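Below is one structure, written out as structure tokens; the observations come after it.
In what follows, chains carry the letters A, B, and so on, assigned in the order in which the sequence lines appear, proteins first and then strands, with residues in each chain numbered from 1. Quantities reported herein were computed from a predicted structural model and do not represent experimental measurements.
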Number of protein chains: 2
Amino acid sequence: MEAAEKVFAEAGFGGATMQLIADMAGLPKANLHYYFATKEELYRKVVARIFEIWLHAADTFDNAPGPVEGIGAYIDAKMDISRRHPFGSKVWASEVMHGAPVIQDYLETTLREWTAGRIAAIQRWIDEGRLAPVDPRHLLYMIWATTQHYADFGHQIETLNDGKPLSEKQWKAAKDSVKEIILRGIGADATPV
Amino acid sequence: MEAAEKVFAEAGFGGATMQLIADMAGLPKANLHYYFATKEELYRKVVARIFEIWLHAADTFDNAPGPVEGIGAYIDAKMDISRRHPFGSKVWASEVMHGAPVIQDYLETTLREWTAGRIAAIQRWIDEGRLAPVDPRHLLYMIWATTQHYADFGHQIETLNDGKPLSEKQWKAAKDSVKEIILRGIGADATPV
DNA sequence: TCGTTTTCTGACCGTATGGTCAGGGTTGAC
DNA sequence: GTCAACCCTGACCATACGGTCAGAAAACGA
């Protein structure tokens, strides 16, 4: 599964070959087919696993006393996922970019509900005057886009960092920068209770 | 070229076939090979074309009197590109996600220089007290990520918009939201001259 | 120990793909 | 009208891929 995640991320669904995945996992191709009947089935399971992790990051959102903690923790969580699961993030991005042929049902059910719930929560904070009156939907998109950018475009970022991966310190700086700009951008830091 | 851009965007490099591109362009496959010797050559030209458009959007940055106009116009330009060239954006994203095997040299030369220049410009504004002291690099990443998200993840956004593409009005709202949050996030709107 | 179920594997197959090529059209200069 | 340069195309390869299968190992239960 991990081998598959990596290969799918690096080569895309079309570019990935069962042989390559099998080699990377140290298995004969036929044995891989024993566990996963088809390439698509394997791919679907890889994507589903990522979606789970991704949804799980939202827990922080719910148990927060206010927008600064909630959104701040959510950004932290998503940045951590980008760092720890860059391959998964890429597979997800690839899948959505190609029109989500495999996980369209997830988008229409789970993701749609999840999004509606979070938008409502943000709107509540706005109504309470704890956030500037921004459009919650676009705020969410911005958080998704920015945090996932550090995984999906990690190669570009690395190149612009003199070819070296971000250090521990740089990751922290990135997290803080993202949080700072977004939280100030929605007027959240200006109202520390 | 347009057909290729679309096919590469929808299927990825590996998933795209010369036959498909040829069909979409209304050409026999052999004729396509007459103009583009190999699939990779065609792909390289598609990517290069996008990169040009992408760099061109930066012009707005330079001729601006201040950060609000400069960054605001840059965001506008990038949002417009996402809307008008969604396929190109996807191809670019795909290329970078797969480690930029084809355009690594661009990243190391043109993009690196371009980025350094913009970072310097932003830093100048910060030094002049016209912007909050944010990290210019991460600000740039946020702008790239967010604006391109509307192209690359357009399918997801569409799904979350009841399956309908964003209307003229919604695009304007998106642009305004992005600008509002980012500009406020960097303390730019608070200093209207 | 023996039979049965599960796990594994090398060899194989049909298909689709990137790319080639010989030759037929078309155009335009003189 | 002729010739050369360029443009176009159907038919054709070699390869690589996803997937199959017969049967060998291994694991397990009694």
Assign a letter to each nucleotide of nucleotides 22-27 of chain D from its 5' end: B, base within under 4.0 Å of a protein heavy atom; S, sugar-phosphate only; -, no contact. ------

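Below 30°, between 30° and 60°, or above 60°: for Y74(A) and W114(A) the angle between ring planes is between 30° and 60°, a tilted geometry. The aromatic rings of Y150(B) and Y141(A) stand perpendicular to each other, their planes meeting at an angle above 60°, with 30° marking the opposite boundary. Ring geometry for F51(A) versus W92(A): interplanar angle under 30°, hence parallel rather than tilted (30 to 60°).
Residue N31(B) contributes atom CG, which lies 18 Å from atom P of dA22(C) at whole-angstrom precision. One atom, NZ of K29(A), and another, P of dT20(D), lie 11 Å apart when rounded to the nearest Å. Between I21(B) atom CD1 and dA16(C) atom C1' the separation is 15 Å, expressed in whole Å. If you measure from atom CG of L32(B) to atom C1' of dT20(C), you get 14 Å, rounded to the nearest angstrom. Taking atom CD of E41(A) as the reference point, atom P of dT20(D) lies 11 Å away to the nearest angstrom. Rounded to whole Å, the distance from CZ on F36(B) to P on dT20(C) is 15 Å. Distance Q19(B) CD to dT15(C) P: 17 Å, rounded to the nearest Å.
Contact annotation for A16(A): backbone-only contact, meaning every heavy-atom pair under 4.0 Å involves sugar-phosphate atoms and none involves a base.
Closest to the M18(A) side chain, of the nucleotides dT9(C), dG18(D), dT7(C), is dG18(D). Between dG10(C), dT20(D), dT20(C), one nucleotide has an atom nearer to the side chain of H33(B) than all others, and that is dT20(C). Each of dT7(C), dG19(C), dG10(D) was ranked by its minimum atom distance to the side chain of Y34(A); first place goes to dT7(C).
A pairwise comparison of heavy atoms in I122(B) and P136(B) identifies CG2-CB, 3.8 Å as the closest pair. Shortest non-hydrogen contact noted between V102(B) and E95(B) is N-OE2, 2.7 Å.
Residue-to-nucleotide contacts include no donor-acceptor pair under 3.5 Å from the side chain of K39(A) to the base of dG19(D).
K29(B) has no carboxylate O lying under 4.0 Å from a charged side-chain N of D23(B), or vice versa, which leaves the two without a salt bridge.
The residue among T38(B) and G26(A) whose nearest nucleotide of DNA chain C lies closer to the 5′ end is G26(A).
By the criterion of side-chain heavy atoms lying less than 4.5 angstrom apart, applied directly or through intervening Ile, Leu, Val, Met, Phe, Trp or Tyr residues, F87(B) is not grouped with M97(B); the two fall into different hydrophobic clusters.
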